[in-house]
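Here is the structure we will look at.
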Amino acid sequence: MNTKEEIIDEIILKAIPAPRADLSRYAPKMIQTVIDVDKIREVIGKGGSVIQKIVADTGAKIDIEDDGSVFISAVDSAAAYAAKKMVDDICFVPEVGKLYYGKVVRILPIGAFVEIAPGHDGMVHISKLENRRVEKVEDVLNLGDMTWVKFMGFDEKGRANFSRKDALKEMADK
């Protein structure tokens with residue numbers, strides 16, 4: 001037996017017979033993800049303001065490559081995952097026909113705006129609130145209410161449109 005094998009068998013295996021199941025929460029963490037190349041500008045922000053805010057809020061270091069590869073490193077895993085969630089929220093794109101649970105953030109006479117992810121909201125027109133005629137939006141929804149909505153698509157100006165009545169019907173059918 002050579003010296004390396006003796007060291008492993010006699011010293012290292014006695015000290016730690018198997019690798020730890022979990023890393024210490026104090027162990028540095030690195031996460032790699034890929035974002036759409038068109039979203040790089042949004043993640044960086046004007047003059048780097050968005051990415052600098054993420055770094056300041058979480059303490060993580062973020063590197064973005066031209067191909068959309070994002071490398072997030074942090075002293076602890078909680079900071080790394082918090083930074084990844086912020087990047088994911090910026091890059092979030094809703095799927096047409098999918099249901100989302102969101103918060104009512106603004107009410108107008110013609111409908112309510114529901115936020116389904118940070119910075120991503122859309123309009124539920126008053127005609128799409130219920131299966132019956134609604135006189136006032138406040139008869140159905142109030143500011144701060146949580147509700148299910150179905151994403152119907154973007155209008156010609158790029159605004160998200162939701163339907164609460166379609167979401168409620170789809171949930172009732174399940």
Side-chain angles (χ1 to χ4, degrees), residues 25 28-130 134 137-138 140-171 174:
R25 65 184 183 113
K29 184 74 176 169
M30 184 151 192
I31 300 172
Q32 180 182 358
T33 187
V34 179
I35 62 172
D36 188 0
V37 177
D38 297 335
K39 297 285 184 175
I40 293 174
R41 177 179 282 139
E42 292 178 41
V43 174
I44 294 173
K46 184 177 181 183
S49 61
V50 174
I51 199 166
Q52 288 174 1
K53 181 172 180 358
I54 295 171
V55 169
D57 290 349
T58 64
K61 182 178 183 300
I62 303 172
D63 294 312
I64 302 176
E65 302 289 325
D66 291 339
D67 66 353
S69 298
V70 180
F71 302 94
I72 301 169
S73 57
V75 175
D76 63 48
S77 59
Y81 286 115
K84 182 180 183 308
K85 180 170 180 354
M86 290 177 174
V87 170
D88 290 344
D89 287 345
I90 293 167
C91 298
F92 173 76
V93 177
E95 294 178 42
V96 174
K98 192 169 179 189
L99 299 181
Y100 295 97
Y101 192 63
K103 182 178 183 179
V104 177
V105 292
R106 194 168 56 170
I107 293 180
L108 299 173
I110 60 165
F113 281 87
V114 177
E115 184 179 57
I116 58 171
H120 296 278
D121 64 2
M123 169 84 127
V124 180
H125 191 269
I126 194 166
S127 65
K128 300 285 186 181
L129 286 174
E130 287 283 339
V134 176
V137 175
E138 291 86 352
V140 178
L141 293 173
N142 292 301
L143 205 58
D145 286 354
M146 297 297 289
T147 187
W148 283 98
V149 291
K150 183 174 186 176
F151 180 58
M152 306 306 285
F154 293 103
D155 66 11
E156 64 280 346
K157 293 182 180 175
R159 298 175 296 199
N161 290 316
F162 297 119
S163 172
R164 183 174 178 269
K165 76 177 182 181
D166 290 344
L168 296 176
K169 180 183 183 310
E170 192 170 313
M171 290 175 64
K174 290 180 183 177

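Computation of the quantities below employed the complete heavy-atom set of this structure, encompassing side-chain atoms and omitting hydrogens, waters and symmetry-equivalent molecules.
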When rounded to the nearest 0.5 angstrom, what distance separates CE in Met146 from CG in Leu141? 11.5 Å
Sequence neighbours excluded - salt bridge (Lys or Arg N to Asp or Glu O under 4.0 Å) pairs with any residue from residues 30-43: Lys39-Glu42
Would you call Tyr81 and Lys29 a side-chain contact if the rule is heavy atoms closer than 4.5 Å? yes
Here the gap from Thr147 atom OG1 to Ile116 atom CD1, rounded to the nearest 0.5 Å, amounts to 12.5 Å
Nearest 0.5 Å, please: how far is CE in Met30 from CD1 in Ile72? 9.0 Å
Taking C-beta and beyond as the side chain, do Asn142 and Val104 meet within less than 4.5 Å on heavy atoms? no
Could you list the donor-acceptor pairs under 3.5 angstrom formed by side chains in residues 83-96, with sequence neighbours left out?
unit_1 : atom_1 : unit_2 : atom_2 : d
Lys84  : NZ     : Asp88  : OD2    : 2.8
Lys85  : NZ     : Asp89  : OD1    : 3.3
Lys85  : NZ     : Asp89  : OD2    : 3.0

Enter the distance from Ile126:CD1 to Ile110:CD1 here, rounded to the nearest 0.5 Å. 9.0 Å
What heavy-atom pair brings Asp67 and Val37 nearest, and what distance separates the two atoms? O-CG2, 3.8 Å
To the nearest 0.5 Å, what is the distance between CD1 (Ile62) and CD1 (Ile51)? 5.0 Å
Would you mind reporting whether Val137 and Leu108 have side-chain heavy atoms less than 4.5 Å apart? no
Would you check if Lys128 and Val149 make a side-chain contact, meaning some heavy-atom pair closer than 4.5 Å? no
Do the non-hydrogen side-chain atoms of Arg164 and Val140 ever get within less than 4.5 Å of each other? yes
What heavy-atom pair brings Lys150 and Gly97 nearest, and what distance separates the two atoms? CE-O, 3.4 Å
For Phe162 and Val114, work out which heavy atoms get closest and say how close. CE1-O, 3.6 Å
Could you note down all residue pairs passing side chain to side chain donor-acceptor pair (under 3.5 Å) where residues 102-127 supplies at least one of them, sequence neighbours left out? His125-Ser127
Rounded to the nearest 0.5 angstrom, the OG1-CZ distance for Thr33 and Phe71 is 10.0 Å
If every non-hydrogen atom of Ala79 is compared with every non-hydrogen atom of Ala60, which pair is closest and at what distance? O-CB, 4.1 Å
